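One structure is given here, and the rest of the page talks about it.
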Amino acid sequence: MGQSEWRNAFKDKNGREPSLEEFKQAKQNGFTLPKTDLPNEADLKAWIRDFEGTNHRRPTVEEVKQQKNLAENPVDPKVTNQQPMPENQPTQPVQVMQQAEPIQQEPGQFDRRRQQKPSQPDDAGQKRVGNHRSGTNKSLKQHKWGIFLLAVAVVLIVLVGYGYNYYSYANTLDRTATALKTYDKDKYHNITEWSDTHKKMTTADLTPLANYMQDQKMSKSDTEDWIKKTGKGVRFVQDGQTLLIFPHYTLEMDPVDLTVNTNRSGLSLSLNGKVLTDKSNSDYSEMLKHQAPGLYNFTAQGSLNGQNVNAQSSDYYGGNSSDAVDLDIKTVSFTVESNIDGGDVYVAGNKAGTISNGQADIKNVVVTQGAKVYVKSGNGSNAMTTPSKPLSNIDDGDTVDLDSDSILSKSEAKGQLDDMASALTSYASSGNTPSGLSDIFNGGLSNKSYQDFSQMIHRNRYAASRNADSINFGEITVDQVSAKSKKNAAVIFEIKEDFNYTSNTDPDKQTSGTKTQRFQLIAHMVYNSSKGKWLVDSIDSNQKKLSDDDNVN
């Protein structure tokens, strides 16, 4: 084929002039047209018509070139078909991820399916996939942070709950009472502070408190009650927060200034074993500032008129901003009466006698006038202690009444015995069991002492040689109350019994009148916690008749 013929054939085939490169290549090939399966012009026009009918527009030049390229290079059936792109979309074809089974076509034929609208570009799809992965990673991170924050919140809630329980009023009070019962000043240091400075107290400061706790030997519950209710310069209070949110409780100690005085010269004065002076004078006075509440033991030793003096004053100081310690020396004898049977009498902290039959005689004790006397029995929760009285108010030969308010008093015993007498009178009058016996006798109707009284009444009313028309009980006098413990006491009392007779019980002599007897009895009484009162438990059978007046005639 010649050059002109090749050029004309190229123009017919491609609709344009060949390029310089195409011309050079054709010249090298001897201007021979390769065998092709390109579509003819009629097929291309037919494709254009179909495109316009489908897309309602004419194809672009780029789309026509793409179609011609597809015709020249048929697509492998396994590869996704390409679609023409709309004018407003990029012309780069996108492979579809899924493809139906390909349709075989002859070379040179146009694939009608390729007239569909082009798919979205690959880069857009890749972008969406990338965003999805990024969003997933972000979601996982947020989930992990959520779990972490939830765990932290749970731990904080548990710790806060534990803290409020540990630092609560009740639990701190329990730990404080436990520490006080150790009598260990080092442990006291951790639970106490001065009320005026809010500073921690030294072990030396806390010696009086340790002395007092050890002397009293209170139970744990009594110790809790003491630090809650005491007006003796020790208070269990909240004084701030622990870790900014939990309440902080402590024992606040009010300081007290103590002034020590004595009226004798040449004495050695000591406080809790520490010497204040080796040689006092007749007007010796010294102030001990900022002392802690507690038990103080003052000692005066020396010689007085040829007699050795070892006087002591032991007492609790606290609750006042200032107090005086009187170490004036005196010799005194006196009698102590008390309702604590078998209790020990203490003078200036030293045992000086024991209560027997309600009293004790104290003879020629050399003491300081500031010393005090009291009666005590037992320890801990069973301890019974009377209020103390200063010896400065006691003269030679005096009788000092020292009763404990924590046990049965004479007035309370009389009231209970008056109720007993009324119940017995009621039974003697009606023969019916009186009401309220369980509030008078321990065990109520089954109490042996009540049964003994009722049998005596029944015998004198219905089975005697001469039956009484009525019997009256009354005029109770309490002579003495002696306590064995806080819940057990013996009461020595007097009771009058009137036996009234009429002529109906003496038809022959037609006599009438009243026979009156007075007895001294001992009632053993017990405290009933559930009822909150003292009850008659038993009455001694060895009664003592004090008088017998017979006015029957």
Side-chain angles (χ1 to χ4, degrees), residues 185 194 201-215 232-233 253-334 336 344-353 362-374 376 387-398 400 402:
K185 291 175 285 185
W194 291 108
M201 304 176 68
T202 66
T203 54
D205 293 332
L206 291 163
T207 297
L209 179 62
N211 289 344
Y212 179 76
M213 299 306 299
Q214 191 165 15
D215 177 74
K232 296 187 175 183
M253 311 284 279
D254 293 333
V256 55
D257 294 337
L258 299 177
T259 302
V260 182
N261 303 295
T262 186
N263 64 341
R264 299 291 180 177
S265 299
L267 297 178
S268 176
L269 306 181
S270 300
L271 165 61
N272 293 335
K274 181 181 178 180
V275 176
L276 298 178
T277 180
D278 288 332
K279 191 174 182 180
S280 66
N281 53 49
S282 59
D283 58 354
Y284 173 86
S285 178
E286 181 176 349
M287 177 178 284
L288 307 176
K289 297 184 68 64
H290 212 268
Q291 301 297 304
L295 182 64
Y296 286 80
N297 297 307
F298 291 94
T299 303
Q301 293 178 308
S303 178
L304 180 62
N305 299 327
Q307 181 181 357
N308 289 330
V309 175
N310 187 2
Q312 298 184 25
S313 176
S314 180
D315 201 7
Y316 183 97
Y317 293 93
N320 300 315
S321 60
S322 61
D323 213 332
V325 181
D326 189 353
L327 296 181
D328 288 353
I329 303 299
K330 64 183 295 187
T331 301
V332 63
S333 298
F334 55 94
V336 175
D344 294 324
V345 180
Y346 287 87
V347 178
N350 297 315
K351 181 179 175 180
I362 310 301
K363 299 292 186 179
N364 298 320
V365 291
V366 178
V367 294
T368 63
Q369 293 191 55
K372 296 182 180 181
V373 56
Y374 62 92
K376 179 181 178 181
S388 58
K389 290 187 177 181
L391 290 179
S392 58
N393 297 333
I394 300 174
D395 294 326
D396 236 13
D398 281 354
V400 182
L402 294 174

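Residue numbers count from 1 along this sequence. What you see is a predicted model; the values in this text were computed from it and never measured.
- Here the side chains of Tyr317 and Gln291 are not in contact, with every heavy-atom distance at 4.5 Å or above.
- Of all heavy-atom pairs spanning Tyr374 and Pro387, the tightest one is CB-O, 4.1 Å.
- Remark: side-chain polar atoms of Ser333 are paired, donor with acceptor, to backbone N or O of Asn364 under 3.5 angstrom.
- Within the model, atoms CD of Glu286 and OG1 of Thr277 stand 7.5 Å from one another, a figure rounded to the nearest 0.5 Å.
- Of all heavy-atom pairs spanning Lys372 and Ser388, the tightest one is CD-OG, 3.6 Å.
- The two atoms that bring Leu206 and Lys185 nearest to each other are CD1-O, 3.8 Å, heavy atoms only.
- Atom CE of residue Met213 and atom CG of residue Leu295 lie 11.5 Å apart, to the nearest 0.5 angstrom.
- Between Lys351 and Tyr346, the closest heavy-atom pair is N-CD2, 3.6 Å.
- Between the side chain of Thr202 and the backbone N or O of Asp205 there is at least one donor-acceptor pair closer than 3.5 Å.
- Val366 places a side-chain heavy atom less than 4.5 Å from the side chain of Ile329.
- We find the CG-OH distance between Leu288 and Tyr296 to be 8.0 Å, quoted to the nearest 0.5 Å.
- Annotation for Asn272 and Pro208: closest pair ND2-CG, 4.3 Å, computed over non-hydrogen atoms.
- Closest of all the heavy-atom pairs between Gly266 and Lys279 is CA-CG, 3.8 Å.
- Side-chain contact between Val332 and Asp395 is absent, with no heavy atoms from C-beta onward closer than 4.5 Å.
- Formation of a donor-acceptor pair under 3.5 Å by the Asn263 side chain with backbone atoms of Ser282 is not found in this model.
- Annotation: side chain of Asp283 is in contact with side chain of Asn281 (closest heavy-atom distance under 4.5 Å).
- Interatomic distance, Leu209 CG to Lys232 NZ, rounded to the nearest 0.5 Å: 12.0 Å.
- In this structure, Phe298 and Thr262 have side chains that are not in contact, with every pair of non-hydrogen atoms separated by 4.5 Å or more.
- Taking the side chain as every heavy atom from C-beta outward, Ser313 and Asp326 never approach each other to under 4.5 Å.
- In this structure, the side chain of Ser314 does not engage the main chain of Asn297 through any donor-acceptor pair within 3.5 Å.
- Checked by atom type and distance alone, the side chain of Ser280 pairs as donor or acceptor with a backbone atom of Arg264 at under 3.5 Å.
- Atoms CG and CG, on Leu327 and Leu267 in that order, are 9.0 Å from each other to the nearest 0.5 Å.
- To the nearest 0.5 Å, the span separating CG on Asp328 from CG on Leu391 amounts to 12.0 Å.
- Ion pairing between Asp344 and Lys376 fails under the 4.0 Å rule for side-chain N and carboxylate O.
- Pro293 places a side-chain heavy atom less than 4.5 Å from the side chain of Tyr316.
- The shortest distance between side-chain heavy atoms of Val367 and Lys330 falls below 4.5 Å.
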